[in-house]
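Structure first, commentary second.
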Amino acid sequence: MPKAKGKSRRQKYSYNLNRKRLYRSARRRAAPRIACSHIRHAWDPTKSVAQNLADMGLSEDPNKAVPIPKKTLLGMEVGSNGREQGKKIVRKPYVVNEMEYEASLPEKKSNTLSRDLIDYVRYMIQNHGENYKEMARDEKNYYQDTPKQIKRKINVYKNFYPEEYKDFIASLKQEKMDVQ
């Protein structure tokens, strides 16, 4: 299919266009990208970043928020001569409260093992016990894992599912007792 007519022609430079003004206005309009939803909902686009954060009770500069106390040679802290800085008014305290609550929630464990790996490890333990060299020579060892690799996989399984592993070992011992 042929190209559209006029596409190969060179573009003309427009000398009358003020590109600096265009660039500045585009930068001014761009709002900051905010990751936290609590801050995003409380954000006021008419205020500056420092004013918005101060209203929420947050700090723009962490060095100013928690200053490092100057110490003398004896290890005593040098005070600010009894003067305290003026407390800032927090107009939106719910933002900090919601963030603290969210941070206090327990973290979910997201790491799991694949079903295939769990089945592989159980099969190996069930048939060979603790003999890793035998496991390496087993016909179900499709990926040709070395004894150390198999041992590592079993240890990972033990760490991820300790209760399940204990129950599995207990059931194996029960089966051996039933056979004898």
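Numbers here are sequence positions counted from 1.
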Using side-chain contact (heavy atoms from CB on, under 4.5 Å), reason through M56 and V90 one step at a time and then give a plain yes or no. CA-CA 6 Å; M56 293 177 213; V90 179; 6.0 Å; no
How long is the straight-line distance from [atom2] of [Y] back to [atom1] of [X], given to the nearest 0.5 Å?
{"X": "T112", "Y": "L117", "atom1": "OG1", "atom2": "CG", "result": "10.5 Å"}
{"X": "T146", "Y": "Q149", "atom1": "OG1", "atom2": "CD", "result": "3.5 Å"}
{"X": "N52", "Y": "I39", "atom1": "CG", "atom2": "CD1", "result": "10.0 Å"}
{"X": "E130", "Y": "I125", "atom1": "CD", "atom2": "CD1", "result": "7.0 Å"}

Start with the C-alpha gap between W43 and V49, add the side-chain angles, then the distance that decides, and say whether side-chain contact (heavy atoms from CB on, under 4.5 Å) holds. CA-CA 9 Å; W43 195 266; V49 174; 4.1 Å; yes
For [X] versus [Y], what's the shortest heavy-atom pair and its separation?
{"X": "L113", "Y": "Y161", "answer": "N-OH, 3.4 Å"}
{"X": "P147", "Y": "K133", "answer": "CG-CA, 4.2 Å"}
{"X": "I150", "Y": "M135", "answer": "CG2-SD, 3.4 Å"}
{"X": "D138", "Y": "K140", "answer": "OD1-N, 2.7 Å"}
{"X": "E60", "Y": "A50", "answer": "OE1-CB, 3.3 Å"}
{"X": "L53", "Y": "S59", "answer": "CD1-O, 4.2 Å"}

Under 4.5 Å between side-chain heavy atoms, chaining through other members, with only Ile, Leu, Val, Met, Phe, Trp and Tyr counted: pull out the rest of the cluster around Y13, sorted by chain and number. Y15
side-chain hydrogen bond (donor to acceptor under 3.5 Å, both in side chains) partners for [X], two or more places apart:
{"X": "N141", "answer": "Y120"}
{"X": "D44", "answer": "T46"}
{"X": "Q144", "answer": "none"}

For residues 94-103, tabulate all N or O donor-acceptor pairs below 3.5 Å that involve a side-chain atom, not counting sequence neighbours.
unit_1	atom_1	unit_2	atom_2	d
N97	ND2	P93	O	3.3
E98	OE1	H38	ND1	2.9
E102	OE1	H38	NE2	2.8

R40 atom CZ, neighbour heavy-atom count above 12 within 6.0 Å: yes
Tell me whether K158 at atom NZ has more than 12 heavy atoms from other residues, nucleotides or ligands lying less than 6.0 Å away. yes
Only one of D119, D145, D116 passes salt bridge (Lys or Arg N to Asp or Glu O under 4.0 Å) with K153, and that residue is D145
Below 3.5 Å, can you tabulate the donor-acceptor pairs from side chains in residues 164-176 to any protein atom, sequence neighbours excluded?
unit_1	atom_1	unit_2	atom_2	d
E164	OE2	Y157	OH	3.1
S171	OG	F168	O	2.7

